[in-house]
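Quantities reported herein were computed from a predicted structural model and do not represent experimental measurements. Convention: sequence-line order gives letters A, B, ...; per-chain numbering from 1.
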Amino acid sequence: MHKHFEIIKKSTEAKARVGKIHTSHGIINTPIFMPVGTQGSVKSLSQDDLYDLGAEIILANTYHLYLRPGMEVLKQAGGLHKFMNFSRPILTDSGGFQVFSLGDLRKIDENGVLFSSHIDGSKHYFTPEKVVNIQKDFGIDIMMCFDECVKYPEKYEYVKNSVNLTTKWAKKCKSEFEKINENNQFLYGIIQGGMYKDLRKESIDELLELDFDGYAIGGLSVGEPLDEMLDIMSYTADFMPEEKPRYFMGLGSPLEIWNCVEQGIDMFDCVMPTRNARNGTLFTFRGKLNIKNAQYKFDFSPLDDECDCYVCKNHTRAYLHHLFRANEILALRLNSLHNISFMLKFLLKIRESILNDDFLRQKKMFFEKYQNSEGKNNV
RNA sequence: GGAUAGGUGGCCGAGUGGCUAAAGGCAACAGACUGUAAAUCUGUCGAACUAUGUUCUACGAAGGUUCGAAUCCUUCCCUAUCCA
């Protein structure tokens, strides 16, 4: 069997690299963007859509799928791949983000987190061991350690304790994983530490001893200013092992991703393209635009004249504007198709630029077009 | 011709003497969205100006009562339903 991760090409001008991640469901070319399908569905898109778009891996969520449809359904279905009939790799988040996002609905202690289900209020206790076993039963390819994603801003003392907790849980995840692993799944550790560099360093050092299959940066992009995020990201990235995949959880915008790849990050996931699509914000190579805006009512040009996705080849801005205004369900689908297409396409551009030793120039060109055009607030 | 119910801001609709430039919804005009409690949320939404305030114009029309009227009275106009 292949090594989990191989580096194909290192940029000569930046820390960026092109690589391949091997899983039993196929190969993932990095740097990669992973569409988010929390509940076993990338909202509004079908599995065939994902194949056609060229999505090489998607994300799903332990917490959500555990609550609904529940483990019994997923076990009887034969795992998540079979259940949703998706043949490519799947990565599941552990529920650590829900520790953050479900703020008032959970209680943390040394051994785990007590959640009140956002669906029916029922109580569920998640421990690192349990989270690993759930992901084991999902049969997915890459599982994440159970961590605490800390809010921003947060006091040093709290974050310090939180890092200790996340490390402790990472150890438990790892040892449970070693017990149950059948060599067809991989486990990634998650670096925390908030906006404190020494805590980030501490978190990495402790996780490195556990020798995970990959390493993720967690707890960023939670409301902090962009420059602070970039600062912590590049500081952290430098200590992440070179020979393993580096995953920035929850990112991000096109410009953020370029910047992260430049520092050697390989994997990204974000709800932004699908959520924004459903809310009317579309990504183009000339920046973001809000298709709801009145200016598109009579705009019979394609959404993005540089894009060859189904939507851009077949429909006008005026039509997309109309569909959205009219609350047509097709609006959500077409918008999502385009936004995911955009993300995957520009990651492809990034990979090519690294392979051609042209990363910095391509990045500059991308930024200039993306920021100086019709879109507003293009970060 | 008679009876009844009504006429409120772009639309629907609450409001029966001061707290009303007028609830709420829709529409409209913008904005936000980053390991998805999200097809969600936020702001603006009569006009003008020396604009966190001031002045106009406004609840079918015209008069009136009152310190004060979308709210009470009179007349008129219009709409819906029913009866001849």
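- Among the atoms of the strands shown, base atoms are found under 4.0 Å from some heavy atom of A/Gly219.
- Atom P of nucleotide B/U36 and atom CZ of A/Arg278 are separated by 12 Å, given to the nearest angstrom.
- In this structure B/C26 sits in a base pair with B/G10, meeting the Watson-Crick or G-U test at under 3.5 Å.
- Base orientation of B/A51: syn, since the glycosidic angle falls within 90° of 0.
- A/Glu110 has a carboxylate O that lies under 4.0 Å from a charged side-chain N of A/Lys168, or vice versa, which qualifies the two as a salt bridge.
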Under 3.5 Å, which N/O atoms of the protein pair with N/O atoms of nucleotides 9-11 of chain B?
none

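- Separating the CD atom of A/Gln295 from the C1' atom of B/C29 is a distance of 12 Å, rounded to the nearest angstrom.
- Each of A/Ile32, A/Thr30, A/Ile27, A/Thr23 was scored for a side-chain contact (heavy atoms from CB on, under 4.5 Å) with A/Glu56, with one residue passing: A/Ile32.
- Atom-to-atom, NZ of A/Lys297 to P of B/A27 comes out at 14 Å; the value is rounded to the nearest Å.
- A gap of 12 Å separates the C1' atoms of B/A70 and B/G60, to the nearest Å.
- Searching all strands for a Watson-Crick or G-U wobble partner of B/A5 with both distances below 3.5 Å returns B/U79.
- Put simply, CZ on A/Phe324 is 15 Å from C1' on B/A28, counting in whole angstrom units.
- The P atoms of B/C82 and B/G15 are separated by 26 Å, rounded to the nearest whole Å.
- What separates CG of A/Asn327 from C1' of B/A39 is a distance of 7 Å, to the nearest Å.
- If you check B/U50 for Watson-Crick or wobble pairing at under 3.5 angstrom, you find it has no partner at all.
- Shown here is A/Lys130, whose NZ atom has more than 12 heavy atoms of other residues, nucleotides or ligands within 6.0 Å.
- Rounded to a whole angstrom, the distance from the C1' atom of B/G9 to that of B/U44 is 15 Å.
- Under the 30°/60° scheme for interplanar angles, the aromatic rings of A/Tyr247 and A/Tyr188 are found to stand perpendicular.
- Under the Watson-Crick or G-U wobble criterion, with both distances below 3.5 Å, B/C59 is left unpaired in every strand shown.
- Environment of CZ in A/Phe366: crowded, with over 12 heavy atoms of neighbouring residues, nucleotides or ligands closer than 6.0 Å.
- Taking atom P in both B/C29 and B/C19, one finds a spacing of 33 Å when rounded to whole Å.
- Remark: A/Asn290 is not in phosphate contact with B/A32, judged by side-chain N or O atoms under 4.0 Å from OP1 or OP2.
- Taking a 6.0 Å sphere around NZ of A/Lys364, one finds it holds 12 or fewer heavy atoms contributed by other residues, nucleotides or ligands.
- For B/C41, the paired base is B/G31 (Watson-Crick or G-U wobble, both distances below 3.5 Å).
- Taking atom P in both B/C59 and B/G46, the straight-line distance is 16 Å, to the nearest Å.
- Phosphate contact (OP1/OP2 of B/U36, side-chain N/O of A/Thr38, threshold under 4.0 Å): present.
- When the P atom of B/A27 is taken as reference, atom NE2 of A/His322 falls 14 Å away, rounded to whole Å.
- Near-neighbour residues of RNA chain B inside residues 115-146 of chain A, defined by a heavy atom below 4.0 Å, number-ordered: A/His118.
- Among the heavy atoms of the strands lying under 4.0 Å from A/Gln192 is at least one base atom, whether or not backbone atoms are also near.
- Nearer to the 5' terminus of RNA chain B, by closest-nucleotide assignment, is the contact made by A/Leu59 (compared with the other of A/Leu59 and A/Glu328).
- Regarding contacts with the backbone of B/A37, a side-chain N or O of A/Gln98 is found under 4.0 angstrom from either OP1 or OP2.
- Nearest nucleotide to the side chain of A/Leu332, out of B/A39, B/A37, B/U34: B/A39.
- Comparing B/G17 with B/C67, their C1' atoms are spaced 12 Å from each other, to the whole Å.
- Nucleotides B/U36 and B/A47 have their C1' atoms positioned 44 Å apart, rounded to a whole Å.
- The side chain of A/Lys43 lies closest to B/A39 when the candidates are B/A30, B/A39, B/G35.
- A donor N or O paired with an acceptor N or O is not found under 3.5 Å between the base of B/G35 and the side-chain atoms of A/Asn61.
- Relative to the side chain of A/Ala294, the nucleotides B/A39, B/A30, B/C33 differ in distance, and B/A30 lies closest.
- Atom CE of A/Met233 and atom C1' of B/G35 are 16 Å apart (whole Å).
- Separating the OH atom of A/Tyr247 from the C1' atom of B/G35 is a distance of 5 Å, rounded to the nearest angstrom.
- Taking 3.5 Å as the limit, the base of B/U36 and the side chain of A/Thr274 contain a donor-acceptor pair of atoms between them.
- Put simply, A/Asn279 has no side-chain N or O that comes within less than 4.0 Å of OP1 or OP2 on B/A32.
- When each of A/Leu105 and A/Leu251 is assigned the nucleotide of RNA chain B with its nearest heavy atom, A/Leu251 is the one assigned upstream, toward the 5' end.
- Note that A/Lys292 lies outside the cation-pi zone of A/Tyr296, set by a 6.0 Å cut-off to the ring centre and a 45° limit from the axis.
- The existence of a salt bridge linking A/Glu242 and A/Lys10 is confirmed by a sub-4.0 Å separation between a basic side-chain nitrogen and an acidic carboxylate oxygen.
- Contact check on A/Lys171 versus A/Glu206 returns no salt bridge, with no Lys/Arg side-chain nitrogen under 4.0 Å from an Asp/Glu carboxylate oxygen.
- One side chain, A/His25 or A/Asp141, offers a donor N or O that lies under 3.5 Å from an acceptor on the other.
- Atom P of B/A27 sits at a distance of 13 Å from the matching atom of B/C41, rounded to the whole Å.
- Considering only side-chain N and O atoms, A/Arg275 lies under 4.0 angstrom from the phosphate OP1 or OP2 of B/U34.
- Classification of the A/Phe342-A/Phe283 ring pair by plane angle, with boundaries at 30° and 60°, yields parallel.
- Under a 4.0 Å N-O distance rule, the pair A/Lys3/A/Glu6 does not qualify as a salt bridge.
- If you check B/U36, B/A28, B/A37 against the side chain of A/Arg325, the one that comes closest is B/A28.
- For A/Asp304 and A/Arg286, the salt-bridge test fails: no basic side-chain N is under 4.0 Å from an acidic carboxylate O.
- Residue A/Thr281 places none of its side-chain N or O atoms closer than 4.0 Å to OP1 or OP2 of B/C33.
- In the set B/U36, B/A32, B/U34, B/A32 carries the atom at the smallest distance from any side-chain atom of A/Lys292.
- Taking a pair to require two hydrogen-bonding distances under 3.5 Å in either a Watson-Crick or a G-U wobble arrangement, B/A70 remains unpaired.
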